[in-house]
Amino acid sequence: MARVYISSLLLTLMFHIVIVAGQGPLQDFCVADTKSQVMVNGFACKNPSSVEASDFFFSGLHMKGNTSNPVGSKVTLVTVKELPGLNTLGIAMARVDYEPWGLNPPHFHPRATELLTLLEGTLEVGFVTSNPENRFITKVLHKGDVFVFPMKLIHFQRNIGNTKALAISALSSQNPGIVTIANAVLGSKPDISIDILAKAFQTSEEVINNMQLKF
Ligand SMILES: *[C@@H]1O[C@H](CO)[C@@H](O)[C@H](O)[C@H]1NC(C)=O
């Protein structure tokens with residue numbers, strides 16, 4: 001009896017693992033069960049019979065983010081963490097607020113392409129291609145313009161107007177991730193050795209030290 005129970009438990013576990021490890025959804029939905037102890041690529045599925053409309057819902061993206069910070073911008077994310085119904089669906093959303101001349105500093109998303117729509121204001125946007133070209137591709141966006149930042153490339157947006165700007169972005173992952181270049185390189189914990197960064201940036205250790213102190 002106990003053996004039957006254990007093997008059926010194992011089967012249930014395997015069933016869940018196979019489902020969530022698929023490239024795309026293999027069923028209508030797999031609402032994130034954030035309390036599950038099962039470690040999978042994403043979250044395990046909630047029992048479909050206990051899923052409710054609220055699992056597919058997020059409220060609050062009409063609210064401006066708090067831009068009182070050194071860069072003057074704020075990204076408000078709606079990923080699988082905020083909206084469990086996004087689990088396994090490969091999509092997420094963000095609201096980005098910019099003060100006049102505010103900057104969403106150079107960063108990349110390790111798991112997502114970003115499709116940005118500018119709703120208010122004027123943005124200077126850009127991304128840089130990989131080595132060896134490192135081509136900088138940039139454009140000024142106006143209200144209603146859409147711009148794509150290809151997956152994993154370093155990009156930024158800057159408000160070049162004297163009014164606030166507002167953008168909405170779609171991201172091609174339920175968990176896009178963000179690596180902000182300055183924070184990752186100059187603000188890692190613990191620090192990357194100063195001499196390594198001085199050589200990489202072809203500058204003095206004093207310059208690197210001053211920059212690290214800001215992060
Ligand atoms: C916005 O962020 C700043 C800096 O962290 C903080 O001092 C301030 O209280 C925040 N404002 C609101 C309305 O949350």
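Only heavy atoms go into these numbers, but all of them, side chains included; no hydrogens, no water, no symmetry mates. Atoms within a ligand are numbered from 1 in the order they appear, just like the ligands themselves. By convention here, the first residue in the shown sequence is residue 1. What you are looking at is a predicted structure, and each value in this text was computed from that prediction instead of being measured.
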Hydrophobic cluster (4.5 angstrom, side-chain heavy atoms) - remaining members for Ile181: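 Hydrophobic cluster check, Ile181: joined to Phe108, Ile154, Val179, Val185, Leu186, Ile192, Ile194, Ile196, Leu197, Phe201, Val207, Ile208, Met211, Phe215.
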Compile the donor-acceptor pairs under 3.5 Å between side chains in residues 114-124 and protein atoms, sequence neighbours left out, one pair per line.
residue : atom : partner : partner atom : Å
Glu114  : OE1  : His109  : NE2          : 2.9
Glu114  : OE1  : His155  : NE2          : 3.0
Glu114  : OE2  : Ser169  : OG           : 2.6
Glu120  : OE2  : Lys143  : NZ           : 3.4
Glu124  : OE1  : Arg158  : NE           : 3.1
Glu124  : OE1  : Arg158  : NH2          : 2.8

Test side chain to side chain donor-acceptor pair (under 3.5 Å) applied to Lys81 - qualifying residues, sequence neighbours left out: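 Scan of Lys81 (side chain to side chain donor-acceptor pair (under 3.5 Å), adjacent residues dropped) gives none.
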Ignoring hydrogens, what is the shortest heavy-atom contact between Cys30 and Asn87? Give both atom names and the distance.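 Scanning both residues completely, I find the closest heavy atoms to be O-CB, 2.9 Å.
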Shortest non-hydrogen contact between Phe43 and Ala32, atoms and distance: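 In this case the closest contact between Phe43 and Ala32 is CB-CB, 3.6 Å.
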Note every protein N or O atom lying under 3.5 Å from an N or O atom of ligand 1, pairing the names and giving the distance.
residue  : atom   : partner : partner atom : Å
ligand 1 : 2 (O)  : Asn66   : OD1          : 3.3
ligand 1 : 2 (O)  : Asn66   : ND2          : 2.3
ligand 1 : 11 (N) : Asn66   : ND2          : 2.8
ligand 1 : 14 (O) : Asn66   : ND2          : 3.4

Should the ring pair Phe136 and Phe156 be called parallel, tilted or perpendicular, given that the plane angle runs from 0 to 90° and is split at 30 and 60?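 Judged by the thresholds at 30° and 60°, the geometry between Phe136 and Phe156 is parallel.
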